[in-house]
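Everything numeric here is computed off the predicted structure, so don't read it as measured data. So that the names make sense, note that chain A is the first sequence line, chain B the second, and so on, each numbered from 1.
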Amino acid sequence: MTERKKPYPFDVFEPKWQAIWDDQKTFKTPNPGDANFDASKPKYYVLDMFPYPSGAGLHVGHPEGYTATDIVARYKRMKGFNVLHPMGWDSFGLPAEQYAIKTGQHPAITTFQNIDNFRRQLKMLGFSYDWDREIATTDHDYVRWTQWIFLQLYHSYYNTDLKKARPISELEAQGLSRDEIDAKRLAYVAEVAVNWSPDLGTVLANEEVEEWKSKGHTVERRPLRQWMLRITDYAERLIDELEPLDWPESIKLLQRNWIGKSEGAEVQFTINGEEITVYTTRPDTLFGATYMVLCPEHPLVDTICSDEQKAAVAAYREECASKSDLERTDLAKDKSGVFTGAYAINPVNGNQIPVWIADYVLMGYGTGAIMAVPAHDERDFEFAQKFNLPITQVVQPPSEDINWQGYCGYEGTSINSDFLTGLPTPEAKATMIQWLEEKGKGNKKVNYKLRDWLFSRQRYWGEPFPIVWEDGHHKAIDESELPLLQPELDDFAPTGDPRGPLVKATDWISYSETAQRETNTMPQWAGSCWYYLRYLDPHNEYRFVDQAVEEYWMGSSKQAGGVDLYVGGTEHAVLHLLYARFWHKVLFDLGHLTTNEPFHKLVNQGLILGEDGQKMSKSRGNVVNPDDIVLEYGADSLRLYEMFMGPLKDVKPWATKGVEGISRFLARVWRVAFRENQEGKWELNPKLVSGDSAEESKILPSRKELHKSIKKVTQDIEDMSFNTAISKMMECTNTMTSAEQVDVTDYATLLSLLNPFAPHLTEEIYSQLRDIFPQLPEGQLCQHTWAVAEEKYLIESSVTVVVQINGKLRDKMEVPVNTSKEEIEQLALNSERVQSFIEGLTIRKVIVVPGKLVNIVAN
RNA sequence: GCCGACGUGGCGGAAUGGUAGACGCGCUCGACUCAAAAUCGAGUUCCAAAAGAGUGUGGGUUCGAGUCCCACCGUCGGUACCA
């Protein structure tokens, strides 16, 4: 790359201002109780999703959201808010651990190096974070409180009457047994089928399986004893309390679908005198239940299976057990199953129906058993066809055109259904539920797709559980023993032992003569579940966050949720945002927090694609490195370009030519203030004037444009429509560029509008101008008050009114602002062009929109 | 399959139901220069221009539709036997 002259000297002043902000702690935010805290100002908490500090460094996607929040943060400060704008690191994670295994280097070392690199890159972009609040989830001090929160979960249960978490001590007081209590904890142990990767030596979340498989790792299904968090108890609240939040409707929907609420009934069938419960959303179709299906893992399978079918059933169960969730769904097209030899009695008509097992019924949802109604369920229909099972129609579709066979989901009228016959579906459902409840054969039931959260991992680089095992029972260690750090290990490699690599630390494991430590660690989600709370009070040694501080930053009497603005990618629409909401609610229930929701307003930035319109990836070779862009065009150009590309939430392709355009714009802003002299030095542009040297007529066009810009930019920032704000500032700059004179205060005001977007350039120009024009207000622009548009400069004396004939544009005319409707109509009709078009036509109607247009309807 | 978002110049994108294409990129021409770069100025939806056409397609509502309604097509994202 050849070194060419910079269009303006960003390479000199950008590092200079970054150093000033660092040294003077310009963006340090005091807490309530701190010396220079101003309680009269309203608060505003702007949060970014903190990054995982990968070895690859910052991606251009990071500065997109981070610039948006930085603009808002700087704007709100100028508007007179106490602004909290922190940054930190989500620094536990599998990649660091894999790298450690490969190189033998401790993951803490690479993690710290990566954090240093990320911090350098973020500072290079001039974000106004309060770096004194920086945290990393791997900090010992942070781990301590993550573990403390886990203990809050461990020591709580969900009280279904109060619909909130309550301390376990309440159950102890009720005299419940140890096992009964353990079965109610929000953090509990269960034997579950997991995705185990022998070569990674850990279980993986369902959504991680694909990724690691593609990297050549093997993943298998096996039952393991795991820590679980009882998020399902919160399913209802996680749906209901989403409602008042200012989130994109599509994200709310995504969460609702993920939680998957459905309303129906549980129905008791009997097999050989034993009761078995099924769940259905269509109790009105009970008369059409012609067979029953249990999932292969159902506990009743062994007891009901007939001798003749034992071998076949056992073979089928084995086949299913070896399949992963993924393989099971891959084979979704083709139904498989085996007859158990048993028959169930349908409670509504006493019919004997065959009981099958099939893998299209899942253990984890409902009761793991279904009544099959092949006439009105697509899957049951397929299955019944394949195995020649009877099909009985019990719902008449709403229209003759609809084929009832296997057609599901419609509501119609019950037929062939005894006491339900003739009833429309909603009434039939209600009637059936009432009948079941009266006979003690079933009840109304709400079900959720959401499963409990599998919370353990078999990794080294994660928070250890503050738990020990004694006599086969788990128990919490004391809070005073926190943080419980991982032992030092030279070898982190997986052993194949499903307890994880920590089993190698024999000294560490041994807690006492009789007790041993839990060797599982927490998933990466743990740290990201509450980091926004630790920012509030990051150095507190006594509490995870001080109560008064938490109440100030998170509390609000008017809105739901504490963080005023949260910006991040859609990839976290469900998991992170659901997990964080869950933890927040538990802490709220236990009295530790003031709001029941963490994030009031959520905005998702859109993905930035490569120049080729494809997703950026190393293999495609279309990755843009922010370091390169900053070197060539400067940080302000990168910031501005990413905001100018298009609406924040849209997916949009990168174009380096576009960065050049933005760089030209910033150079134009610079050249309103400075011009190059003979020696190539920048000197004051003589068009900048003040006081007596200003000629009203020469400075007025710029001033008018400026005030329009103030209005537009203010509104656009409020709407987070940054691209249009920038185009308005471009227009204003263009006006000043071509003006003969510009009043220096007008120009300074433009700089203050641009300051949140391009902080380095604007501070540099302003500080230089203040040396020449001492009448300008003191201090950095970012500490000034946001400009207010003056009405007198917004008023125009005349407007362009367009004249349409039958909706087609035919003429334009310039009229004084206050011209009456009647006058405008007359002027339009008198226009020569209009005359030529309406010649020979009859005018039917004339519509006049004052100040805008005239539409003449004629034929 | 289902759910959601989106379809506007050569490109990124603007448009409270009221002048479609702001602003920027690219391109063309001009000024400056020995020359180039940079910069500044003019132009740039299509058609040679007038007329006309034009916001994925077809209908509808309206004096007037990119915008509202119905149907369809396409692209992207999420989800996947949830009974």
Side-chain angles (χ1 to χ4, degrees), chain A residues 4-5 7 248-251 253-254 256-258 260-262 264 278-282 285 293 295 325-326 328-335 358-362 364-373 376-380 382-383 408-409 447-451 570-571 573-574 606-607 609 613 615 640-641 644-647 649-662 664-665 667-668 671 675-676 721 723-731 733-734 737-738 800-812 844-849 851-858:
Chain A
R4 58 180 181 80
K5 186 166 163 43
E249 218 31 66
S250 58
I251 300 293
L253 195 67
L254 229 48
R256 271 189 226 110
N257 290 344
W258 188 266
K261 181 177 179 171
S262 74
V278 302
Y279 173 72
T280 178
T281 54
R282 293 297 298 267
T285 62
V293 186
C295 68
D325 261 5
L326 228 73
R328 241 166 108 151
T329 53
D330 271 355
L331 301 167
K333 307 109 211 163
D334 199 24
K335 294 274 180 294
D359 66 359
Y360 82 93
V361 174
L362 308 169
Y365 185 76
T367 61
I370 62 157
M371 60 177 219
V373 185
H376 307 291
D377 182 279
E378 218 179 324
R379 299 149 301 178
D380 296 344
E382 258 177 60
F383 192 82
C408 56
N447 243 319
Y448 298 94
K449 279 201 270 187
L450 186 70
R451 312 291 163 84
T570 340
E571 66 273 20
V574 269
L607 202 63
L609 304 174
K615 210 167 179 166
L640 220 64
Y641 171 65
F644 187 62
M645 292 171 82
K649 43 185 192 298
D650 286 9
V651 177
K652 43 214 175 278
W654 179 270
T656 300
K657 278 284 180 194
V659 188
E660 260 175 56
I662 283 291
R664 277 204 280 271
F665 160 60
R668 250 187 346 262
R671 288 198 310 268
R675 63 177 190 187
E676 223 170 351
S721 176
N723 55 332
T724 51
I726 293 167
S727 67
K728 189 70 207 171
M729 290 186 283
M730 285 174 168
E731 289 183 81
T733 303
N734 290 344
T737 297
S738 47
T800 307
V801 171
V802 299
V803 184
Q804 297 180 335
I805 294 167
N806 295 330
K808 284 196 167 65
L809 178 68
R810 293 304 184 194
D811 200 8
K812 296 181 187 183
R844 302 291 172 191
K845 200 172 182 181
V846 180
I847 286 139
V848 182
V849 182
K852 276 261 163 73
L853 64 68
V854 179
N855 191 12
I856 299 164
V857 186

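The residue G260(A) sits apart from the nucleic acid: no heavy atom pair falls under 4.0 Å.
Nearest heavy-atom pair, P653(A) versus G613(A), reported as atom, atom and distance to 0.1 Å: CB-CA, 4.4 Å.
Note that the NZ atom of K335(A) and the CG atom of D359(A) stand 8.5 Å from one another [nearest 0.5 Å]. The CG atom of N447(A) sits 8.5 Å away from the OG1 atom of T367(A) when rounded to the nearest 0.5 Å. I662(A) CD1 to K657(A) NZ: the interatomic distance, rounded to the nearest 0.5 Å, is 14.5 Å. The OG atom of S262(A) sits 9.0 Å away from atom OH of Y448(A), with the distance rounded to the nearest 0.5 Å. From T724(A), atom OG1 reaches atom CE of M729(A) across 9.5 Å, with rounding to the nearest 0.5 Å. A distance of 7.5 Å separates OG1 of T570(A) from CG of L607(A), quoted to the nearest 0.5 Å.
Look at rC6(B): its Watson-Crick or wobble partner, with both distances under 3.5 angstrom, is rG74(B). When Watson-Crick and G-U wobble pairs are counted only if both distances are under 3.5 Å, rC32(B) pairs with no nucleotide at all. Both distances falling under 3.5 Å, in either a Watson-Crick or a G-U wobble arrangement, occur for no nucleotide opposite rA37(B). When both pairing distances are held under 3.5 Å, rU79(B) makes a Watson-Crick or G-U pair with rG1(B). With a cut-off of 3.5 Å on both Watson-Crick or G-U wobble distances, the partner of rU44(B) is given as rG26(B).
If you measure from atom OH of Y360(A) to atom P of rC81(B), you get 13 Å, rounded to the nearest angstrom. Residue E378(A) contributes atom CD, which lies 11 Å from atom P of rG1(B) at whole-angstrom precision. In this entry the distance linking NZ of K615(A) with P of rU75(B) reads 18 Å, nearest Å. For the pair D377(A) CG and rG1(B) P, the interatomic distance rounds to 18 Å; values are reported in whole Å. Taking atom CH2 of W258(A) as the reference point, atom C1' of rC3(B) lies 14 Å away to the nearest angstrom. One atom, OH of Y365(A), and another, C1' of rU79(B), lie 15 Å apart when rounded to the nearest Å. Atom CG of N447(A) and atom C1' of rC81(B) are 16 Å apart (whole Å).
Residue Y279(A) has no polar side-chain atom (N or O) positioned under 4.0 Å from OP1 or OP2 of rA83(B).
The side chain of V361(A) lies closest to rA83(B), out of rG24(B), rC63(B), rA83(B).
Between the Y641(A) side chain and the A655(A) main chain, a donor and an acceptor come within less than 3.5 Å of each other.
A glycosidic torsion no more than 90° from 0 defines the syn conformation, and rG9(B) adopts it.
Checked by distance alone, K335(A) brings a side-chain donor or acceptor within 3.5 Å of a matching partner on the base of rC81(B).
Separation of the C1' atoms belonging to rA51(B) and rU57(B) is 27 Å when rounded to the nearest angstrom. Separation of the P atoms belonging to rG1(B) and rU61(B) is 32 Å when rounded to the nearest angstrom. Nucleotides rC29(B) and rG77(B) place their P atoms 41 Å apart, quoted to the nearest Å. Distance noted for atom C1' between rG12(B) and rG4(B): 24 Å (whole Å). Taking atom C1' on both nucleotides, rC23(B) is separated from rC68(B) by 28 Å, rounded to a whole Å. With C1' as the reference atom, rG56(B) and rU62(B) are 23 Å apart, rounded to whole Å. For the P atoms, the distance linking rG21(B) with rC63(B) amounts to 25 Å, nearest Å. Separating the C1' atom of rU8(B) from that of rC3(B) is a span of 26 Å, rounded to the nearest Å.
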Query - Verdict with supporting geometry, I370(A) and D380(A), side chain to side chain contact (heavy atoms under 4.5 Å, CB included) - result: CA-CA 10 Å; I370(A) 62 157; D380(A) 296 344; 3.6 Å; yes
Query raised in the report: Yes or no on side chain to side chain contact (heavy atoms under 4.5 Å, CB included) for N734(A) and R668(A), after CA distance, side-chain angles and deciding distance?
Result: CA-CA 8 Å; N734(A) 290 344; R668(A) 250 187 346 262; 3.0 Å; yes
Query raised in the report: Passes side chain to side chain contact (heavy atoms under 4.5 Å, CB included), I847(A) versus V854(A)? Steps please.
Result: CA-CA 6 Å; I847(A) 286 139; V854(A) 179; over 6 Å; no
Report task. For the pair K615(A) and V651(A), evaluate side chain to side chain contact (heavy atoms under 4.5 Å, CB included) and give the outcome as yes or no after the intermediate values. Result -> CA-CA 10 Å; K615(A) 210 167 179 166; V651(A) 177; over 6 Å; no
Query raised in the report: Going 5' to 3' along nucleotides 51-61 of chain B, which nucleotides have protein heavy atoms under 4.0 Å from the base (write B), which only from the sugar-phosphate (write S), and which from neither (write -)?
Result: -SS--------
Requested in this report: Heavy atoms under 4.0 Å is the rule here; annotate nucleotides 27-44 of chain B 5' to 3' with B where the base is hit, S where only the sugar-phosphate is, and - elsewhere.
Outcome: ------------SS----
Requested in this report: Quick one, give me the B/S/- string for nucleotides 4-19 of chain B, reading 5' to 3', where B means a protein heavy atom under 4.0 Å from the base and S means that only happens at the primed atoms, P, OP1 or OP2.
Outcome: S-------BSSSB-BB
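Taking the six-membered ring where the residue is Trp, Y365(A) and Y279(A) present perpendicular rings, their angle passing 60° and hence far from 30°.
Remark: K649(A) NZ is loosely packed, at most 12 non-hydrogen atoms of other residues, nucleotides or ligands lying under 6.0 Å away.
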